[in-house]
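Below is one structure, written out as structure tokens; the observations come after it.
Side-chain atoms are counted along with the backbone in the values below, which use heavy atoms only and exclude waters and symmetry mates.
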Amino acid sequence: MKKLNILIFAFIITLFCGCSRNSTVQSISETELFTIPYGNFEEQLSVSELSDVGNIRYGIFMRDGFFYIINGESKKLMELNSYGDLLTLFYNEDSQTAKLLKKSNKAAQSIHHEVSYPFDYPGMIAVDSNKNIYTVCSVPRDRQEQSDTKNMLYSQTILRLTRDGSSADYIGQQGPGGTPFPYIKNIYTTEKDELVVISKTTDGAIAYWFGTDNFLKYMVYVDKKNIPALKGTEDNNDFFLSVENVIPDPVTYKLYVKVDYYSTYLDEESKVQSGINYNQTLLYPLNILTSVYEEPVSVPPYEESIIADYSKLTYKIPYDFLGVTKSGWKFFIIKTDSGFNIEMLQSENQRILRRQFVVNHNNILFDDMKLSPDGILTALYIEKEKARVVWYRTDSLIDAILKK
């Protein structure tokens, strides 16, 4: 429902030519690190049909200055340095990349690692400090399972790869070789090198927290029925909530649950419910050791103002929850006409920073953006002629704030 509202707001904003923002937001400059050409060779990204955006399956992850890009269509995963030099290549044995390498006699090179697991790659990736690589895979249909209640399909698993290619295995709900997961929203690695898998459910999410041995350590259900109601609306059926995202803290055993609250809209003349209004966003820390929701933090929405027929209307739109740094900053992001707006919130000190990335969306067919534990935002932009890898040094901004 939240996505529908955003689409409606975006349509209204585009409809009117007179548009003005309610405040000036400083920009953070983009630094282009390297580009990647399109093609089927080892150092290229493969995209057969750029106009079919739904089939463009890419993901990017940055750790310690190394970049990991997964190319779902060609069933390969690349590790590159900050200059774009290929350091390691993983690929399926039945992929086009494997065939080309065998023809060119390059398959024996030490940086090439053939993987026999017959999975496809939706595009989610995470890397720990030991450079173990985790990526989400869809299992074949004959290995998919249904829950006892028939309302969830267990269809995805995690492929774990060591950087030197000496080991490759898959992780399920219980650990290595376990049951596949319900639909995975995202995966994370913590500062303790523990893997966290966030799966979506009809009522919220499930967090699977694994130990360093890759066996399940905690499983936490985030059910919207157990999330506190807004104060004063406990007995009001006109209010409802949506669990937009769940992200683990990189340092402590906490989950951050972003909840968007909405109210029904009643037409004054007909007295008939005619829509919904966004009300508020709260970020709840959930202690997974005690299963207790701690005091939430209010997340200010993005505001967009339009002027039409000599009147001004201001729309409030919730940000998407992007991630958490090890210093405790929570990052929120929203796409705008001129690029992206980010909101950085440190709840402990009640600090809020807002910045803008200027991006020409007309040139970008697909984008993926990741937040590092240090506060660096890395983006992969799939454009018509090539792919670009850029980053935004929000870590420098945070460091300047912390030194004050």
* Spacing of CD1 belonging to Ile342 relative to CD1 belonging to Ile334, to within rounding of 0.5 Å -> 13.0 Å
* To do: Before accepting this row, confirm whether a basic side-chain N of the pair Asp367/Lys335 lies closer than 4.0 Å to the acidic partner's carboxylate O.
  => yes
* Any sub-3.5 Å donor-acceptor pair from His361's side-chain atoms to Gly339's backbone N or O? -> yes
* Determine, for Tyr170 and Arg143, whether the Lys NZ or Arg CZ falls below 6.0 Å from the six-membered ring centre while staying within 45 degrees of the axis. => yes
* Structure fact -> Closest heavy-atom pair, Ser27 versus Val358, reported as atoms and distance to 0.1 Å, is OG-CG2, 3.8 Å
* To do: Answer whether the closest heavy-atom distance between the side chains of Pro37 and Lys386 falls below 4.5 Å.
  => no
* Using the six-membered ring wherever Trp is involved, compare the ring planes of Phe340 and Tyr381 and label them parallel, tilted or perpendicular (cut-offs 30° and 60°). => parallel
* How far apart are the C-alpha atoms of Thr35 and Val389, what are their side-chain angles, what is the distance that settles it, and do they pass the side chain to side chain contact (heavy atoms under 4.5 Å, CB included) test? -> CA-CA 6 Å; Thr35 62; Val389 173; over 6 Å; no
* Asked: Do the ring planes of Tyr91 and His112 sit parallel (below 30°), tilted (30 to 60°) or perpendicular (above 60°)?
  -> perpendicular
* Would Ser372 and Asp374 count as a side chain to side chain donor-acceptor pair (under 3.5 Å) if you check the C-alpha gap in whole Å, the side-chain angles of each, and the deciding distance to 0.1 Å? -> CA-CA 5 Å; Ser372 78; Asp374 296 317; 4.8 Å; no
* Do Glu79 and Tyr68 get their side chains close enough for a donor-acceptor pair, meaning under 3.5 Å? -> yes
Output a table of donor-acceptor pairs, distance under 3.5 Å, between side-chain atoms of residues 215-226 and any protein atom two or more places apart or on a different chain; print 'none' if there are none.
| from | atom 1 | to | atom 2 | distance (Å) |
| --- | --- | --- | --- | --- |
| Lys217 | NZ | Glu194 | OE2 | 2.9 |
| Lys217 | NZ | Tyr253 | OH | 2.8 |
| Asp223 | OD1 | Lys225 | N | 2.9 |

* Asked: Got Tyr293 and Leu282 here, is their nearest side-chain heavy-atom distance under 4.5 Å?
  -> no
* Asked: Looking only at heavy atoms, which two atoms of Pro373 and Thr325 are closest? And how far apart?
  -> O-CB, 3.3 Å
* Asked: Do side-chain atoms of Asn245 reach the backbone of Phe321 as a donor and acceptor pair under 3.5 angstrom?
  -> yes
* **Side-chain donor-acceptor pair present, Thr201, Asp203, cut-off under 3.5 Å** => no
* Asked: Does the side chain of Ser129 come under 3.5 Å of the side chain of Asp193 through a donor N or O and an acceptor N or O?
  -> yes
* Asked: Aromatic rings Tyr58 and Phe366: how do their planes relate, parallel, tilted or perpendicular, breaks at 30° and 60°?
  -> tilted
* Asked: In terms of side-chain heavy atoms, does Asn40 have a donor or acceptor partner in Ser46 at a distance below 3.5 Å?
  -> yes
* In Å, rounded to the nearest 0.5 Å, how long is the span from CG of Leu80 to CZ of Phe67? -> 9.0 Å
* Calculate, to the nearest 0.5 Å, the distance between atoms CD and CE belonging to Glu43 and Met78 respectively. => 9.0 Å
* salt bridge (Lys or Arg N to Asp or Glu O under 4.0 Å) between Lys254 and Glu294: does it pass, once the steps are laid out? -> CA-CA 10 Å; Lys254 286 184 181 181; Glu294 299 175 357; 3.0 Å; yes
* **Heavy-atom closest pair, residues Pro300 and Glu343** => O-OE1, 2.8 Å
* Asked: Does atom NZ of Lys192 have more than 12 heavy-atom neighbours from other groups under 6.0 Å away?
  -> yes
* Flag the pair Phe181 / Tyr154 as yes when their ring centroid distance falls below 6.0 Å, and as no otherwise. => no
* Name the one of Leu159, Ile125, Thr189 that satisfies side chain to side chain contact (heavy atoms under 4.5 Å, CB included) with Ile133? -> Ile125
* Tell me, with the steps shown, if Leu45 and Ile69 meet side chain to side chain contact (heavy atoms under 4.5 Å, CB included). => CA-CA 9 Å; Leu45 293 181; Ile69 296 176; 4.1 Å; yes
* Run the side chain to side chain contact (heavy atoms under 4.5 Å, CB included) check on Phe210 and Val196 step by step: do they pass? -> CA-CA 6 Å; Phe210 296 89; Val196 182; over 6 Å; no
* Asked: Do side-chain atoms of Asn92 reach the backbone of Asp94 as a donor and acceptor pair under 3.5 angstrom?
  -> no
* Any sub-3.5 Å donor-acceptor pair from Gln144's side-chain atoms to Val139's backbone N or O? -> yes
* Given Val297 and Leu345, is the side chain to side chain contact (heavy atoms under 4.5 Å, CB included) satisfied, shown in steps? -> CA-CA 9 Å; Val297 177; Leu345 186 151; 3.7 Å; yes
* Kindly check if the number of other-residue, nucleotide or ligand heavy atoms within 6.0 Å of CZ (Phe34) is above 12? => yes
* Asked: Which value, rounded to the nearest 0.5 Å, describes the distance between Thr135 atom OG1 and Ile187 atom CD1?
  -> 6.0 Å
* Do Glu304 and Lys316 meet the salt-bridge criterion of a basic N to acidic O distance under 4.0 Å? -> no
* Asked: Where do Pro228 and Tyr284 come nearest, in terms of heavy atoms and distance?
  -> O-OH, 3.5 Å
* Asked: Applying side-chain hydrogen bond (donor to acceptor under 3.5 Å, both in side chains), which residue pairs with at least one partner in residues 175-187 are found, sequence neighbours left out?
  -> Gln174-Thr179
* Asked: Can Arg388 and Glu30 be counted as an ion pair, charged N to O under 4.0 angstrom?
  -> yes
* Distance-only donor-acceptor check, side chains Asp249 and Tyr256, under 3.5 Å -> yes
* Asked: For Ile111, does its backbone N or O pair with a side-chain atom of Thr88 as donor and acceptor, under 3.5 Å?
  -> no
* **Backbone N/O of Asn362 and side chain of Asn360: donor-acceptor pair under 3.5 Å** => yes
* Side-chain donor/acceptor of Lys326 to backbone N/O of Gly375, under 3.5 Å -> no
* Structure fact -> Between Leu230 and Gln280 the two heavy atoms that sit nearest each other are CD2-OE1, 3.4 Å
* Asked: Within 45° of the axis and under 6.0 Å from the centre of the six-membered ring of Phe90, does NZ or CZ of Lys76 qualify?
  -> no
* **Side chains of Leu377 and Met369 in contact at under 4.5 Å (non-hydrogen atoms)** => yes
* Asked: Counting N and O atoms only, with roles assigned by atom type, does the side chain of Tyr278 sit under 3.5 Å from a partner on the main chain of Thr281, one being a donor and the other an acceptor?
  -> yes
* Which distance, rounded to the nearest 0.5 Å, do you find between the CG of Leu161 and the CG of Asn132? -> 9.0 Å
* Do side-chain atoms of Gln156 reach the backbone of Ile184 as a donor and acceptor pair under 3.5 angstrom? -> yes
* Structure fact -> In short, Val246 meets Ala205 closest at the heavy-atom pair CG2-CB, 4.0 Å
* Distance, nearest 0.5 Å, that separates CZ of Arg354 from CE of Met344 -> 10.0 Å
* Do Thr264 side-chain atoms and Ile276 backbone N/O form a donor-acceptor pair below 3.5 Å? -> no
* Donor-acceptor pair between Thr314 and Ser305 side chains, under 3.5 angstrom -> yes
* Does Glu295 have any salt bridge (Lys or Arg N to Asp or Glu O under 4.0 Å) partners at least two apart in sequence or in another chain, and if so, which? -> none
* Under a 4.5 Å cut-off applied to non-hydrogen side-chain atoms, are Lys258 and Phe332 in contact? -> yes
